[in-house]
Amino acid sequence: MISTKIKSLFIALGISSSALAQDADSLLNQLGGNQKHDALTATFKASRIIFTQSTETEKKYDLNFLISHRFGDIGGDFGSSHTLWGLDIAQDLYIGFDYGITSKLTAGIGRSKHNELYNFFLKQKMLEQTKTFPVNATLFAQAGIIAREENSVNEFANGSDRNSYFLQALVSRKFSSAFSLQGSVGYLARPVGSEANDEKGLLSLGLAGRLKVTKRMALVGDYQFSNISRPDNLINTYYNSLGAGLEIETGGHVFALNFCNAPYINENNYIAETLKSWTDGGVRFGFTISRNFTLHKSKNPDINSKIY
Amino acid sequence: MNYLKSIKQSFLLAALFCPFFLQAQSNYSTRNGKISFFSSTPLEDIKAASNNGTAVLLSKTKDIAFQVPIKSFQFEKGLMQEHFNENYMESDKYPVAKFKGKLNQDIDLSKNGEYDVTSTGTLSLHGVDKPRTISGKLKVSDGKVQLISNFNVACVDHNIKIPTIVIAKVAEIIAVKVDAVLTPLTK
């Protein structure tokens, strides 16, 4: 009995003396299980890449105010010097607020000039990229209500014909501190198609990327492949949306300048209604300005910052 | 005979325990040391703090080490925190700040009291190692060791670049404060 106790004591001592033999470094590493600080931040700088949402959500209690603008066609029938290459025309305008309910759940409202569309959305970050986990994943759900008057009698025969819904799963990866890539699958549910033969529901696949060129400037590219599930015998030609731009970050503001063929800003508008193409001058200049506000001041005096 | 044997064994046990207890008291550690910093300019005062500092103190070798994950620093504004991590500290690349050194004084940590100490070693921050002698205070009470230190870090020493556009808002020298209560390490 006693001898087994002594034996276990020797073992215990063996372990403790090996712990004592360690140097400060290995002890620090033992203590430092800092897994929770492993998440990679800022895969994208803004909540939207150009026209596609990014996997980023707002920080907790932060309010993000966005103004987006799309000018008219640079070339083609509506472009050229007569419209100052589209700058005379406000093709679409979006004003919106995004609010971080938690650091992973954002709620947003907005209003577009096109269709006088009011949109409401929820965006939930599901997974975060860490040293050991490869990707970020975010779900996006949006409802849109068309507020404009009918363009033709009975265009909106039922009240619900004004409503559309968009669901999207976004997956992104920050490959390096300078380069991030995002893939997305979206589904737009509409009460009526764009024309008689059109599908009501549209599947849309997206690919977008960001390449940092300096600490505060990045090139962004965005593509939505929105016409996969559409029939071929439509009267109009519908195009996929392609955009390229420059993102400039200055503290609380992000300025995004871009060129794209999508004439509209909101998903519920542009996924189904991009009738413009890069090849016939249907490209436009656009910009987004977003301004971040911190609504909640921390009570912790250690982190109270003052701006004089 | 049995009686004698058990006495022998108890002596053996006591003899074994003695150094164990003595030595066990000589290593101290914490994993929730507080570290905060302060950047002051006429335009903005910026503060941030972390409660996730790990510290060890080995009294036998006089080794002292302190480490904090950069991402554990909390700011009042989430965006400030993101900029701190992304643009200044590049915390994906350099995830921790660390000081490792040796105490320059002989301190008897078994006695309660306040001791002014200095430690010479290396401060590693943003991928740059700097030899430093940092002064601080050790407060020993009832087997616990409180480590308190205030020191400055010059951004330029650690290759942390402040863009000219915010140069009036971010101080070039950052005041750092460490306050950690280390308890005896038992294993």
Side-chain angles (χ1 to χ4, degrees), chain A residues 2-3 5-6 9-10 12-13 15-20 22-34 36-42 45 58-62 64 100 103 131 174 176-177 212 214-216 249-252 292-294 296-298 300-308, chain B residues 6 9 12-13 16-17 20 23-24 26-27 29-31 34 36 42-49 52 54-58 60-61 63-67 69-72 74-83 85-87 90-93 95-96 98 100 161 163 165-166 169 185-187:
Chain A
I2 294 172
S3 70
K5 264 188 193 162
I6 291 177
L9 239 176
F10 268 115
L13 280 172
I15 291 167
S16 65
S17 60
S18 75
L20 293 169
Q22 284 170 330
D23 61 355
D25 258 335
S26 57
L27 269 175
L28 264 189
N29 289 338
Q30 254 180 41
L31 290 168
N34 292 313
K36 62 179 170 170
H37 303 297
D38 237 14
L40 266 80
T41 50
K45 225 9 9 132
E58 293 308 315
K59 311 218 163 13
K60 194 177 180 181
Y61 305 140
D62 271 14
N64 193 25
S103 59
K131 290 251 150 59
K174 192 177 190 177
S176 73
S177 60
K212 248 165 125 171
T214 72
K215 268 194 177 167
R216 285 174 176 74
E249 197 217 344
T250 63
N292 191 282
F293 299 94
T294 302
H296 175 82
K297 290 264 170 185
S298 168
N300 182 353
D302 287 335
I303 64 170
N304 276 347
S305 295
K306 243 190 231 127
I307 296 171
Y308 300 109
Chain B
S6 67
Q9 275 170 347
L12 192 63
L13 272 173
L16 280 170
F17 265 119
F20 177 66
Q23 283 205 339
S26 68
N27 288 349
S29 75
T30 180
R31 59 174 83 204
K34 192 168 140 186
S36 53
L43 283 184
E44 283 189 25
D45 281 345
I46 301 168
K47 286 185 189 175
N52 294 95
T54 45
V56 292
L57 172 59
L58 313 183
K60 202 174 163 192
T61 57
D63 276 332
I64 187 161
F66 196 96
Q67 174 175 305
I70 301 300
K71 283 186 185 169
S72 69
Q74 297 291 315
F75 285 71
E76 188 173 43
K77 296 185 176 189
L79 206 60
M80 249 179 200
Q81 194 168 324
E82 184 176 303
H83 293 153
N85 280 292
E86 280 290 299
N87 298 338
E90 300 175 81
S91 58
D92 286 341
K93 226 195 246 166
V96 294
K98 185 171 169 181
K100 197 185 156 208
K161 291 190 187 91
I165 193 167
V166 294
K169 296 179 183 174
L185 186 72
T186 46
K187 175 90 186 187

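Protein chains get the first letters and strands the later ones, always in sequence-line order, with residue 1 at the start of each. Below, all heavy atoms of this structure are taken into account, side chains as well, without hydrogens, waters or symmetry copies.
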Asks: Taking all non-hydrogen atoms of both residues, which atom of B:Ala65 and which atom of B:Lys100 are closest, and how far apart?
Replies: CB-CG, 4.0 Å
Asks: Can you tell which part of B:Gln81 gets under 4.5 Å to a heavy atom of chain A, answering side chain, backbone, both or neither?
Replies: neither
Asks: With a 4.5 angstrom heavy-atom cut-off, could you sort out which part of A:Glu249 is near chain B: side chain, backbone, both or neither?
Replies: side chain
Asks: With respect to B:Glu86, which candidate in A:Lys215, A:Arg216, A:Lys212 satisfies the salt bridge (charged side-chain N to carboxylate O under 4.0 Å, His left out) definition?
Replies: A:Lys212
Asks: Measuring heavy-atom distances to chain A, does B:Thr61 have an atom under 4.5 Å in its side chain, in its backbone, in both, or in neither?
Replies: neither
Asks: So, the side chain of A:Lys174 versus the backbone of A:Thr41: is there a donor-acceptor pair under 3.5 Å, distance only?
Replies: yes
Asks: Going from CZ on B:Phe66 to OG1 on B:Thr54, what distance comes out if it is rounded to the nearest 0.5 angstrom?
Replies: 7.0 Å
Asks: Between chain A and each of B:Glu90, B:His83, B:Lys98, B:Lys161, count heavy-atom pairs under 4.5 Å; write down the option with the most.
Replies: B:His83
Asks: Do you know the tightest heavy-atom contact between B:Lys71 and A:Leu40?
Replies: NZ-CA, 3.6 Å
Asks: Under 4.5 Å heavy-atom distance to chain A, tell me which part of B:Lys34 shows up: side chain, backbone, both or neither.
Replies: side chain
